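Note sheet for the following structure.
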Amino acid sequence: MPTQPTPPALVPTVPRGGRLLHIGPHKTGTTALQGAFHSARDRLPAYDVVYAGSHRQPVSATLAKIGVEFPGPAGTPVREELDVFLQRDRPGMERWRKLVQQCEQAGDRRTVISSEYFSNAGDDAAREVVADLGGGGRVHVVVTLRPLLKILPSQWQQYVRNGLRSSYEDWLDAMFHREPCIEPTPSFWRRHRHDELIARWAAAAGPENVTVLVQDESDQQMQLRVFEEFAGLPAGFLVYDERDNRSMTHGEAELVRLLNEESHRRGWSVERHGKVVRAGALRRMRDKYQPSRDEARVTTPEWAVAEATELAEEMTAAFTALGVNVVGDLASLSKRPSARAAPPAEATIPAAAAAQAVIGALLAQSSMDTKAAVEAAKRDTKAAAAAKDATGPNSSGPGTSTATGTAASDAPKTAPADASAGGRGGATNPLRSAARRGLRRIRR
C-alpha cells in the first residue's frame with residue numbers, strides 16, 4: 001500500500017471527447033471543487049473543456065436518473081428526510097436527458113460532470129449512468145476521499161442543519177451499532193462505505209476507468225491541481241471561489257439541534273423549519289459570526305475513533321484490491337490521531353453567535369408573515385372585485401330597486417379617499433398596505 005502522495009504530474013489526462021465523472025461522495029471537498037469549475041465556465045472553452053450543467057452541480061439531473069430513495073430493511077425503499085434535495089419529489093427524466101445531450105454536443109471536447117449525489121446510486125443506476133454517458137471506454141470516474149474520522153463529524157453537522165435531532169454520540173451509536181444501521185440517516189453508509197461505493201462504480205465503468213483521489217489535508221490546493229491534470233487544464237487555472245462552507249462549533253451545532261427538537265415538538269412543517277431554522281437562524285449565524293480558535297469543536301468519542309479507524313483500514317484494503325487507480329496517500333485514510341479524543345465538553349455558545357441566530361429566525365419569520373399578508377391581500381382584492389361585479393347595474397343586489405328601477409347611484413355618495421391613504425386613484429390598496437406593514441416589521 002503506497003504511503004506517499006502520488007505527484008499530480010502522474011495523473012492521467014482524460015482523452016479528448018472523454019467524460020470526467022466526479023461522484024463525490026459528500027463531505028470530501030465537492031462544494032469547493034464545483035465552485036472552482038462553475039466560476040471558470042467562461043474560460044473553459046479556450047481549452048476545449050465543458051463543465052456540464054448550468055449551476056454549481058447538476059443535482060436535478062442526477063436525481064432524475066438515480067432516484068431519491070435508498071434500500072431499507074428487507075429491500076423496502078426508504079427516503080432520506082435529512083437532505084434538502086432528497087426531501088423533494090424525484091425530478092423528471094427530461095433533466096437527465098438534457099444533461100446527456102449537452103455532453104453529446106460537446107463533441108471531442110472533454111466534459112466534466114460533478115455531483116456528489118451520484119454516490120447515492122445503486123448498482124443498476126451506476127451502470128446506466130456510465131452507459132448513457134458513452135460507456136466505460138469514454139467515461140472516467142473519480143472518487144474523492146477523506147478519512148472517515150473527518151467525515152463523521154462533518155456529515156453529522158450537515159444532517160443537523162437539515163433537521164436531525166440526535167446528539168452526535170447517539171447518532172454515531174446508531175450508525176455503528178443499531179443494525180441495519182440506516183436510521184435515522186439511510187444515506188450515510190450508501191455514500192461512505194467507500195469500498196462498496198468504489199466497487200459499484202468499478203463494476204460499471206471498469207476498474208481501469210476509476211481513480212480514487214485521496215485528499216491531502218495539509219494541501220488545500222491539491223484537489224484543484226489533480227483535476228486540472230485530468231481535464232487537460234494548465235496548472236493554476238482553477239481557483240476556489242469565496243463561498244464559505246465552514247463547519248459549526250460544538251455550541252453552534254447544539255443550538256441548531258435544540259431548535260430542531262423544539263420545532264419538531266411544535267409540529268412545524270418541513271417548509272417552515274427550513275425557512276426559520278436553516279435559512280434563517282443557521283444561515284445568519286454562519287454568515288455573520290466568526291468563531292474564535294478556542295471555541296470547542298465537535299469531538300468524536302474514543303470508542304468511535306477506534307471503530308472508525310478499524311473500518312477505514314478494512315475499506316482501504318478492499319478497494320485497493322480492485323485494481324483502481326489511486327492518487328494520494330492511502331495510509332492517511334486510516335491514520336489514527338496521536339492524541340486520544342478528549343471527552344466532549346459541555347456545549348456553550350457565545351452571546352454574539354446566539355444573537356445572530358435569533359435575529360436570523362426573527363427576520364425569516366417576519367418575511368413569512370409578510371408573504372402571508374400579501375397573499376391574503378391578493379385574495380381580498382379578488383373577492384372585492386368579484387363582489388363588485390355581482391352588484392353591477394343589472395344586479396338585484398343591495399342598492400338596486402327592481403320594483404322602480406331606481407339605481408344604487410341614487411344613494412348618497414361618499415367622498416373619495418385621499419390618495420395618500422392608499423394606492424393610486426385615491427382607493428386604498430390592501431396589497432401595498434400589507435407589504436408596507438411587513439417591511440416596517442423587518443426594519444424594526
Side-chain angles (χ1 to χ4, degrees), residues 23-31 59 62-63 66-90 115-122 125 143-197 200 245 247-248 250 252-264 268-270 273-274 277-278 282 298-301 303-305 307-308 311-312 315 344:
I23 66 168
H26 295 65
K27 318 314 294 183
T28 61
T30 54
T31 299
V59 179
T62 304
L63 296 181
I66 68 174
V68 294
E69 295 179 327
F70 298 87
T76 304
V78 295
R79 293 288 295 268
E80 173 61 82
E81 299 297 335
L82 297 169
D83 185 304
V84 292
F85 293 109
L86 300 180
Q87 291 169 353
R88 306 170 186 172
D89 293 335
R90 183 174 183 170
S115 177
E116 57 267 37
Y117 285 91
F118 283 114
S119 66
N120 292 356
V143 185
T144 45
L145 292 186
R146 295 177 69 207
L148 184 60
L149 278 175
K150 299 280 188 179
I151 289 173
L152 286 168
S154 181
Q155 186 69 83
W156 173 76
Q157 288 185 47
Q158 188 66 50
Y159 290 134
V160 168
R161 293 175 193 175
N162 293 328
L164 180 67
R165 303 187 300 278
S166 303
S167 69
Y168 183 42
E169 187 155 5
D170 185 61
W171 176 77
L172 287 170
D173 184 57
M175 291 297 97
F176 281 97
H177 300 146
R178 299 177 201 164
E179 296 292 341
C181 301
I182 62 172
E183 293 295 341
T185 51
S187 64
F188 182 75
W189 288 121
R190 172 58 73 94
R191 298 166 177 174
H192 295 300
R193 273 296 313 206
H194 299 149
D195 51 348
E196 296 176 3
L197 173 68
R200 187 176 304 125
N245 196 31
S247 61
M248 292 186 287
H250 185 197
E252 289 175 324
E254 185 64 9
L255 173 64
V256 176
R257 190 186 70 80
L258 292 174
L259 290 174
N260 294 342
E261 285 189 346
E262 183 64 16
S263 65
H264 177 75
W268 284 12
S269 66
V270 171
H273 173 272
V277 178
R278 185 175 64 245
L282 171 59
V298 177
T299 304
T300 303
W303 69 262
V305 170
E307 294 193 32
L311 178 58
M315 293 191 297

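Just so it is clear, the structure is predicted and the values come from calculations on it, not from any experiment.
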Could you list the residues that satisfy side-chain hydrogen bond (donor to acceptor under 3.5 Å, both in side chains) with [X], not counting sequence neighbours?
{"X": "S119", "result": "none"}
{"X": "T144", "result": "H22, T28"}
{"X": "E254", "result": "R257"}
{"X": "E307", "result": "H177"}

When you compare the side chain of [Y] with that of [X], does any pair of heavy atoms fall below 4.5 Å?
{"X": "F70", "Y": "L86", "value": "yes"}
{"X": "R178", "Y": "E183", "value": "no"}
{"X": "L258", "Y": "E261", "value": "yes"}
{"X": "F85", "Y": "N120", "value": "no"}
{"X": "T299", "Y": "P153", "value": "no"}
{"X": "V298", "Y": "M248", "value": "no"}

Heavy-atom pair of closest approach, residues [X] and [Y]:
{"X": "I66", "Y": "A121", "result": "CG2-CB, 3.8 Å"}
{"X": "V160", "Y": "A253", "result": "CG1-O, 3.8 Å"}
{"X": "P301", "Y": "L172", "result": "CD-CD1, 3.5 Å"}
{"X": "A308", "Y": "L149", "result": "CB-CD2, 3.7 Å"}

**Q.** Among V256, L282, L82, V84, the one residue meeting side chain to side chain contact (heavy atoms under 4.5 Å, CB included) with R161
**A.**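 So, applying the side chain to side chain contact (heavy atoms under 4.5 Å, CB included) to R161 and each of V256, L282, L82, V84, only L282 qualifies.
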Partners of [X] by side chain to side chain contact (heavy atoms under 4.5 Å, CB included), sequence neighbours excluded?
{"X": "E196", "answer": "R193, R200"}
{"X": "S269", "answer": "E271, R272"}
{"X": "P180", "answer": "P73, I182"}

Q | Under the ring pair (Phe, Tyr, Trp, His ring centres under 6.0 Å) test, residues paired with H192 that sit two or more places apart | A |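 Applying ring pair (Phe, Tyr, Trp, His ring centres under 6.0 Å) to H192 gives F188, H194.
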Q: Tell me, please, which residues at least two apart from Y168 pass ring pair (Phe, Tyr, Trp, His ring centres under 6.0 Å).
A: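 Y168 satisfies ring pair (Phe, Tyr, Trp, His ring centres under 6.0 Å) with W156 once adjacent residues are dropped.
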**Q.** NZ/NE/NH1/NH2 to OD/OE distance under 4.0 Å, D170 and R165
**A.**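 Salt bridge flag = no for R165 with D170.
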Q: Please step through side-chain contact (heavy atoms from CB on, under 4.5 Å) for the pair M175 and L152, ending with a clear verdict.
A: CA-CA 10 Å; M175 291 297 97; L152 286 168; 5.9 Å; no
Q | salt bridge (charged side-chain N to carboxylate O under 4.0 Å, His left out) contacts touching residues 70-88 (sequence neighbours left out) | A |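 For residues 70-88, and leaving out neighbouring residues, the salt bridge (charged side-chain N to carboxylate O under 4.0 Å, His left out) pairs sorted by first residue read D83-R191.
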**Q.** Step-by-step side-chain contact (heavy atoms from CB on, under 4.5 Å) determination, Q158 to H26
**A.** CA-CA 10 Å; Q158 188 66 50; H26 295 65; over 6 Å; no
Q.
For S166 and Y159, which I'm curious about, is there any donor-acceptor pair between the side chains at under 3.5 Å?
A.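 No donor-acceptor contact under 3.5 Å links the two side chains.
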Q) How far does CH2 of W303 sit from CG of D173, to the nearest 0.5 angstrom? A)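 These two atoms lie 5.0 Å from each other.
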Q. Say you draw a straight line from CG of L63 to CG of D89; how long is it, rounded to the nearest 0.5 Å?
A.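 Answer rounded to 0.5 Å: 11.5 Å.
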Q) When you measure from the side chain of S154 to the backbone N and O of K150, does any donor-acceptor pair fall under 3.5 Å? A)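 Side chain of S154 to backbone of K150: no pair is present.
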Q) With E252, which residues qualify under salt bridge (charged side-chain N to carboxylate O under 4.0 Å, His left out), at least two apart? A)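 E252: salt bridge (charged side-chain N to carboxylate O under 4.0 Å, His left out) contacts with R246.
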Q: Report the residues that fulfil salt bridge (charged side-chain N to carboxylate O under 4.0 Å, His left out) with R146, sequence neighbours left out, ordered by chain and then residue number.
A: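 With sequence neighbours excluded, R146 shows a salt bridge (charged side-chain N to carboxylate O under 4.0 Å, His left out) to E217, given in chain and number order.
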